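Encoded as structure tokens, the structure appears first; notes follow it.
These figures come from a predicted structure and were not determined experimentally.
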Amino acid sequence: MPLAHKILSIIALTVAVSAAGSMVLWEGSVPNASHLIIAGVSIAGMSVLLFLLLVTQRRADQLDERSGELAHLKRELENTINTLQHRNQEIELSERRYRTMVDQQGNIILRKLPDGRLTLVNDAFCKAFGVKREEALGRIFAARLHPDETSGQPGPARSTLGDPEQKYTQCVQTAGGWRWITWEDHAIRDDRGRVCEIQSVGRDVTEWHRLETALREARDRAEGANRAKSMFLATMSHEIRTPMNGVIGMTGLLLNTPLTPEQRSYASAVRDSGEALLGIINDILDFSKIESGAMVLEDVEFAPRALIESVAELLSQRCAEKGIEIVTYAHPRFAGNFISDEGRVRQVLLNLAGNAVKFTDHGGVRISMQADEDPGFIRFEVADTGIGIAEDALPRIFAEFTQADSSLARRYGGTGLGLAITQRLVQALGGRIGVSSTLGKGSRFWFTLPARRAPAQVEAAPSLSGVRVLVHTAFAGLSEVLVQQLCDAGADAFAAKGLAALETALAGGTFHLLIMDARAGNAPPGEVLVRLKARLQGVKSIVLISPNERSALPAFQSSGFDGYLIKPVRLQSLVRRVRAVLDGERAVDADDRLSPGGDPVRVSARALRVLVAEDNRINVMLATAMLGKLGHTVDTVGNGREALEALAARPYDIVLMDVHMPEMDGLEATRRIREAEKTGRRKTRTPIVALTASTLQGDRQVCIDAGMDDFLAKPLDPVALAAVFQRFAPAEVERPIRVEAATAGSTRAHTQ
């Protein structure tokens with residue numbers, strides 16, 4: 001029963017008792033005032049008691065309620081205490097783990113205030129610097145730096161400037177001696193962004209630093225050895241090439257004099273042997289430059305079609321001597337100019353085409369340029385009908401000092417470096433190289449170059465529209481190329497395979513022109529032309545000849561030919577000659593391009609006074625003879641000092657300055673000449689052309705930097721020499737000279 005009900009029951013009982021008592025007292029008597037007073041007092045007492053009991057009940061209820069709240073709060077407090085105890089245990093465990101991890105780190109770890117006082121260090125720090133943790137904490141830490149390493153070394157204090165992280169290396173004094181420590185500082189910031197602590201992690205890199213120092217010293221020694229090797233190669237290049245240039249150059253001059261057939265044969269053999277030796281020297285130098293990383297490429301604008309045609313012309317004499325053909329074809333899409341290192345592209349083509357000629361005894365060699373599978377590249381191909389390469393030798397064909405068949409080395413010679421150098425050059429130019437071959441049937445080498453076109457140029461497209469041409473040659477590859485070139489120019493061209501096919505074609509078709517190879521068929525071309533005379537009514541004829549067959553031109557003219565073309569045939573020459581013959585011009589007494597044996601070269605119209613500064617007697621004789629044939633007056637000196645004295649005594653129109661000379665070399669002499677011109681001691685600027693047997697990349701720029709105007713590589717090439725005089729002497733005339741010394745080997749040297 002609730003307490004309130006109990007109290008009410010007690011009160012009711014009390015009232016009843018009181019009433020009963022009063023009834024007893026009053027029983028038998030009449031209630032009087034006292035009785036009333038007593039009853040009233042009893043009732044009042046009971047009311048007070050009732051009030052007190054009610055108040056007490058209320059207070060008891062409140063106490064019960066507060067007691068429940070206190071019990072609830074007690075339970076919550078107990079839960080909170082338990083949670084805090086659990087969290088505290090986790091924090092203590094995490095701190096122990098962190099401390100263990102920090103102390104077990106091999107790296108030095110510390111924290112410090114911005115003023116440098118340490119707030120945390122690990123065991124690695126204490127071990128490294130020989131201190132106890134309690135001794136280190138609260139003290140300022142500043143590592144002692146090695147006296148030789150303090151200048152310019154950044155320090156941890158820099159992190160207080162606002163850098164979030166900083167890494168640096170110092171040589172510091174530790175308990176184990178001087179050690180190299182790499183520090184990583186991290187700035188720790190408060191809520192306001194201010195640096196409150198700096199944490200530093202240091203790693204001992206002493207062994208790594210020693211290794212790096214040893215590697216750096218080894219690299220320096222290697223670079224020194226490489227420089228010494230390069231200097232040795234440059235010196236040997238000059239010392240070996242100088243006498244070789246004299247042999248080749250003087251032999252060329254000898255071949256330009258009246259000789260008996262036997263003497264000319266011996267002199268040609270000497271020249272060829274010299275050029276072969278010079279080619280070997282060039283291969284070794286090129287390989288050394290590539291291996292040492294000294295090769296630098298130059299971007300120049302050039303015409304690929306003209307380039308492959310010039311390479312074919314350089315090799316045409318060798319092909320003529322072997323009785324094989326060399327032909328070129330460039331797709332019309334690539335008629336414009338491109339940008340690359342023309343000299344290196346020429347060298348690659350010469351290496352590949354030279355090898356093709358070397359290993360081909362029948363048929364011929366074709367150099368072509370066409371689109372690659374990748375539209376961003378152009379593709380060059382050199383195909384031959386030579387001995388071919390065995391399938392198992394193809395994977396190693398581009399390796400250094402390797403021949404496809406070592407037994408062939410005795411027959412064909414060579415260093416085994418040519419293709420290795422070619423591969424390196426193509427890769428440096430940004431292209432790829434490959435080969436396919438069938439033993440006994442020939443090989444096909446190809447390489448690609450990035451198709452970087454030069455700014456567009458307007459080039460008149462050749463046009464032979466409506467012209468029908470019949471082609472008859474001994475080498476099917478030559479017919480194929482001529483037909484393709486004629487069709488590209490708009491003509492309708494066909495090839496006849498054999499004399500019977502030629503007669504059938506002439507009998508069954510209407511042609512405007514016949515192009516016939518002088519070597520086609522067993523009979524002389526004149527006799528073939530006479531035999532075909534009945535079928536050639538209204539058909540013009542052009543004969544194809546090799547450079548060494550020019551002496552037969554009058555006989556060809558007498559046989560009835562209307563014109564001639566010298567092989568290998570340039571596209572422009574082909575179109576121009578076809579057009580001229582069809583227009584009725586007799587063109588058997590002139591040619592429109594350079595070729596060995598007395599071509600017209602543009603030279604200065606006036607005799608120039610030339611100073612040649614050269615210390616080698618043979619080279620002096622060679623330069624004097626060449627310049628004398630060009631009609632110039634030559635003075636010679638033996639070193640740079642004498643060149644300065646000669647220029648001070650009289651004016652010269654041009655100076656040919658050897659780079660390497662005793663007492664004063666050509667570079668120093670040129671600098672002094674240019675300085676005298678700047679200060680006014682010399683009134684006019686004299687053109688100076690460098691002469692050098694060195695072909696290391698950068699030689700040309702060294703000469704230009706010294707103040708020279710041009711660069712000629714030895715052996716001197718009459719055509720290149722004449723071109724230099726053409727540049728510095730504007731007034732020109734055509735004068736025929738012989739260019740026996742202009743060979744593939746010397747041209748290659750000049751392009752490097």
Quick one: do D665 and R671 satisfy salt bridge (charged side-chain N to carboxylate O under 4.0 Å, His left out)? Show the steps, please. CA-CA 10 Å; D665 62 27; R671 294 189 190 99; 5.1 Å; no
Is there a side-chain contact (heavy atoms from CB on, under 4.5 Å) between D615 and N639 once you walk through the steps? CA-CA 6 Å; D615 62 316; N639 55 56; over 6 Å; no
Step-by-step side-chain contact (heavy atoms from CB on, under 4.5 Å) determination, F725 to H632: CA-CA 10 Å; F725 277 78; H632 304 301; 3.7 Å; yes
Evaluate side-chain contact (heavy atoms from CB on, under 4.5 Å) for M657 paired with I673, printing each intermediate quantity in order. CA-CA 12 Å; M657 184 80 74; I673 294 170; 4.1 Å; yes
Evaluation steps, side-chain contact (heavy atoms from CB on, under 4.5 Å), between L608 and L627: CA-CA 9 Å; L608 303 179; L627 292 170; over 6 Å; no
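A donor-acceptor pair under 3.5 Å is formed between the side chain of T679 and the backbone N or O of A676. Side chain of R264 to main chain of L255: a donor-acceptor pair is present (N/O by atom type, distance under 3.5 Å, no hydrogens or angles). At distances below 3.5 Å, at least one donor-acceptor pair connects side-chain atoms of T448 with backbone N or O atoms of R432. Of the possible donor and acceptor atoms, one in the side chain of K322 sits under 3.5 Å from a partner among the backbone N and O of V357.
Note that CE of M664 is 3.5 Å distant from CZ of R672, once rounded to the nearest 0.5 Å. To the nearest 0.5 angstrom, Q317 atom CD is 8.5 Å from S546 atom OG. Note: L349 CG to T328 OG1 = 11.0 Å, rounded to the nearest 0.5 Å. With rounding to the nearest 0.5 Å, the separation of NZ in K567 from CD1 in I545 is 9.0 Å. The distance from the CZ atom of R346 to the CG atom of L314 is 6.5 Å, given to the nearest 0.5 Å. For the atom pair CG (L350) and OG (S310), the distance works out to 7.5 Å, reported to the nearest 0.5 Å.
A 4.5 Å side-chain heavy-atom check between L656 and V634 finds every atom pair outside the cut-off. Looking at P568 and E313, their side chains come closer than 4.5 Å, going by heavy atoms from C-beta outward. In this structure the side chain of V348 never reaches within 4.5 angstrom of the side chain of I421, judged on heavy atoms. When side chains are defined from C-beta on, V655 does not count as touching T670, because their heavy atoms never get closer than 4.5 Å. Within the 4.5 Å cutoff, side-chain heavy atoms of R216 are placed close to those of D220. Between C703 and F711, some side-chain heavy-atom pair lies under the 4.5 Å cut-off. At least one side-chain heavy atom of D299 sits under 4.5 Å from a side-chain heavy atom of R452. Taking 4.5 Å as the limit, every side-chain heavy atom of V610 sits out of range of all side-chain heavy atoms of D653.
Closest of all the heavy-atom pairs between V345 and S340 is CG2-OG, 3.9 Å. Among all heavy-atom pairs drawn from Q423 and I433, the shortest one is CG-CG2, 3.7 Å. Minimum interatomic distance between P450 and F377 (heavy atoms only, all atoms of both residues): N-CD2, 3.5 Å. Contact between I308 and R305 at its shortest, heavy atoms only, is CG1-O, 3.2 Å. Residues V637 and A646 share a closest heavy-atom pair of CG1-CB, 4.1 Å. Here the closest non-hydrogen pair linking E675 and R681 is C-NH2, 4.3 Å.
Ionic pairing of R674 and E677 is present here: one or more N-O contacts between side-chain nitrogen and carboxylate oxygen are shorter than 4.0 angstrom.
Using modelled atom types, one finds a donor on one side chain and an acceptor on the other under 3.5 Å when comparing Q347 with R344.
Checked against side-chain contact (heavy atoms from CB on, under 4.5 Å), L254 has the following partners two or more places apart in sequence or in another chain: T257, L259, A267. Remark: F445 pairs with no residue by the ring-ring contact (aromatic ring centres under 6.0 Å, His included) rule, at least two apart or across chains. Here V327 pairs with R366, L478, V481 under the side-chain contact (heavy atoms from CB on, under 4.5 Å) rule; sequence neighbours left out. Applying the salt bridge (Lys or Arg N to Asp or Glu O under 4.0 Å) rule to R617 yields no partners; only residues at least two apart in sequence or on another chain are considered. The side-chain contact (heavy atoms from CB on, under 4.5 Å) search around V300 returns E342, not counting sequence neighbours. With sequence neighbours excluded, the residues satisfying salt bridge (Lys or Arg N to Asp or Glu O under 4.0 Å) with E309 are R570.
Remark: of the listed residues T686, T633, D635, D635 is the sole one forming a side-chain hydrogen bond (donor to acceptor under 3.5 Å, both in side chains) with Y652. Each of D658, T624, T636 was compared with V612 under the side-chain contact (heavy atoms from CB on, under 4.5 Å) criterion, and only T636 meets it.
Seen from the ring of Y564, R577 counts as a face-on cation partner, given the 6.0 Å and 45° thresholds.
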